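See below for the structure under consideration.
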Amino acid sequence: MSGEFDIVLGIETSCDETAAAVLKGGRELLSNVIASQVDIHAEFGGVVPEIASRKHVETIDFVVKEALRQAGVSFDNVDGLAVTQGPGLVGSLVVGLSYAKACAIAASKPITGVNHVQAHLMASFLEPESSPGFPFVGLVVSGGHTSLYRVDDFFHVELLGATRDDAAGEAFDKVAKILGLPYPGGPVISRLAEAGRSDAFSFPRARLPETPLDFSFSGLKTAVLQTVQKIRRSRKKLIVEDICASFQEAVIDVLVTKTIEAAKRNDVRWVVAAGGVAANKRLRRRLAQECQRESLHFVVPSPVFCTDNAAMIAFTGYHQLKEGMVLRPEADVYSRIAT
Ligand code: KG4
Ligand code: ZN
């Protein structure tokens, strides 16, 4: 039992996953339901915001009820709600926020609004046996974000660096499109890369010496495009696996180097990776190796907690509710929120 907020219901609708989770006592995950729209968006080669919002409307009630059913609790048992308030697609966020506010207001239950990026960082606490210690440096790598943070506790999160153009996941998705591979690109590129040579092509790594903790992936994406076009024009055989492996290695080199640099500059002993791209096996292995070499502790959540989920929203929301951080009835959603 954990004070007034024993049972927290988390709701996430920031992009194309409708998700709900039930957390008990701030630690025990009773359910974690995720309805993905990926098959619907795949035919368009990316998320179509208007379709995403409509799908959330159709799905959200079922997903929440299923999360309560799997947790073995009724809505009456819920002590507080946590909902993603941003950043994300505004139309998608509005569905989750409106649904959660309606439930909370109708039943006079407290509700808190959660920053999606902050929640990705806190996903590292969902598996208590491998939780990080504070302070840590957190790398958030997803379809919409590539940023480094210094995290001192659940509420103090400082941005150290961010991408100037594409996010890492976006680069995976765009390179997949160039190669005629399906959306989302990350999982398929990482699978093909296993059979390719990572030194077959020397793609650029943007170091950005003036702001060394910032990222840039647009030059890399253009280099891949030009290489592929050149091979196609020459009618030589395009070894897709080699492109995938060389591209992936270039992304990972930059992510790993800058994350280690951030840990050193901030003199912290813990490193955390989060977000959809952190599901990438090679990135997980390289970060683990480099952290070990530098005597840093490394934590990365299981892949299901790297990609979008409501468990991370419930967990972050639980800590906010305990601090009395509740939403006002007129609360709105935000496509961008500074962390
Ligand atoms: O965190 P997430 O589920 O949603 C956002 O908040 O964006 O991340 C989705 C992104 C997509 O760009 C997808 O291609 C990428 O994560 N991704 C991966 C892998 N699995 C998902 N990228 C590289 N390797 C993977 N295994
Ligand atoms: Zn996300």
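Atoms within a ligand are numbered from 1 in the order they appear, just like the ligands themselves. Because the structure is predicted, anything quoted here is derived from the model rather than measured.
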field: Under 3.5 Å: N/O of Pro184 near N/O of ligand 1
entry: no

query: Does the gap between the ring centers of Phe172 and Phe247 come in under 6.0 Å?
result: yes

message: Please work out, at 4.0 Å between heavy atoms, whether the side chain, the backbone, both, or neither of His145 comes within that distance of ligand 1.
response: neither

- prompt: Out of Gly276, Ala279, Ala123, Ala167, whose heavy atom sits nearest atom 1 (O) of ligand 1?
  reply: Gly276

message: Taking the basic N atoms (NZ, or NE/NH1/NH2) and the acidic carboxylate oxygens, is any pair closer than 4.0 Å for Lys65 and Asp61?
response: yes

message: Which residue and atom name correspond to the protein heavy atom nearest atom 2 (P) of ligand 1, and how close is it?
response: Asp308 OD1, 3.6 Å

message: Would you call the rings of Phe203 and Phe201 parallel, tilted or perpendicular, taking 30° and 60° as the class edges?
response: parallel

message: Give me the nearest non-hydrogen protein atom to atom 15 (C) of ligand 1 as residue plus atom name, then the distance to 0.1 Å.
response: Val277 CG2, 3.9 Å

message: For the Zn ion (ligand 2), give me the closest N/O/S atom belonging to Asp308, just the atom name.
response: OD1

message: Out of all atoms in ligand 1, which are within 4.0 Å of some heavy atom of Thr307? Include the element for each.
response: 3 (O)

message: Between the side chains of Arg54 and Glu58, is the shortest nitrogen-to-carboxylate-oxygen separation below 4.0 Å, so that they form an ion pair?
response: no

statement: The protein heavy atom nearest to atom 10 (C) of ligand 1 is Gly143 N, 3.5 Å

statement: Per-atom filter on ligand 1: closer than 4.0 angstrom to a heavy atom of Gly144 are 7 (O)

- prompt: Hey, which atoms in ligand 1 end up nearer than 4.0 Å to a heavy atom of Ser190?
  reply: 26 (N)

message: Check this for me: does any side-chain nitrogen of one of Lys281 and Glu194 sit under 4.0 Å from a carboxylate oxygen of the other?
response: yes

message: Tell me whether Glu127 at atom CD has more than 12 heavy atoms from other residues, nucleotides or ligands lying less than 6.0 Å away.
response: yes

side-chain hydrogen bond (donor to acceptor under 3.5 Å, both in side chains) partner of Ser216, chosen from Thr146, Thr163, Asp166, Asp165: Asp165

- line: Among non-hydrogen protein atoms, atom 22 (N) of ligand 1 lies closest to Gly186 CA, 3.2 Å

task: Please work out whether any backbone atom (N, CA, C, O) or any side-chain heavy atom from C-beta onward of His116 is under 4.0 Å from ligand 1, and answer side chain, backbone, both or neither.
output: side chain

task: Please work out which of the three classes, parallel, tilted or perpendicular, describes the rings of Phe134 and Phe125, given edges at 30° and 60°.
output: tilted

message: One thing to verify: whether Glu66 and Arg69 come together as a salt bridge, which I'm taking to mean a side-chain N less than 4.0 angstrom from a carboxylate O.
response: yes

- prompt: Does Arg293 come within less than 4.0 Å of Glu290, counting only side-chain N to carboxylate O?
  reply: yes

message: Could you identify the single nearest non-hydrogen protein atom to atom 24 (N) of ligand 1 and state the distance to 0.1 Å?
response: Asn280 ND2, 3.0 Å

- request: Please state whether Cys15 comes within less than 4.0 angstrom of ligand 1, counting heavy atoms only.
  value: no

- prompt: Starting from atom 11 (C) of ligand 1, which protein heavy atom do you reach first, and at what distance in Å?
  reply: Asp173 OD2, 3.7 Å

- prompt: Measuring to the Zn ion (ligand 2), does Cys15 have an N/O/S atom at a distance below 2.8 Å?
  reply: no

message: Any nitrogen or oxygen of Gly169, side chain or backbone, less than 3.5 Å from one on ligand 1?
response: yes

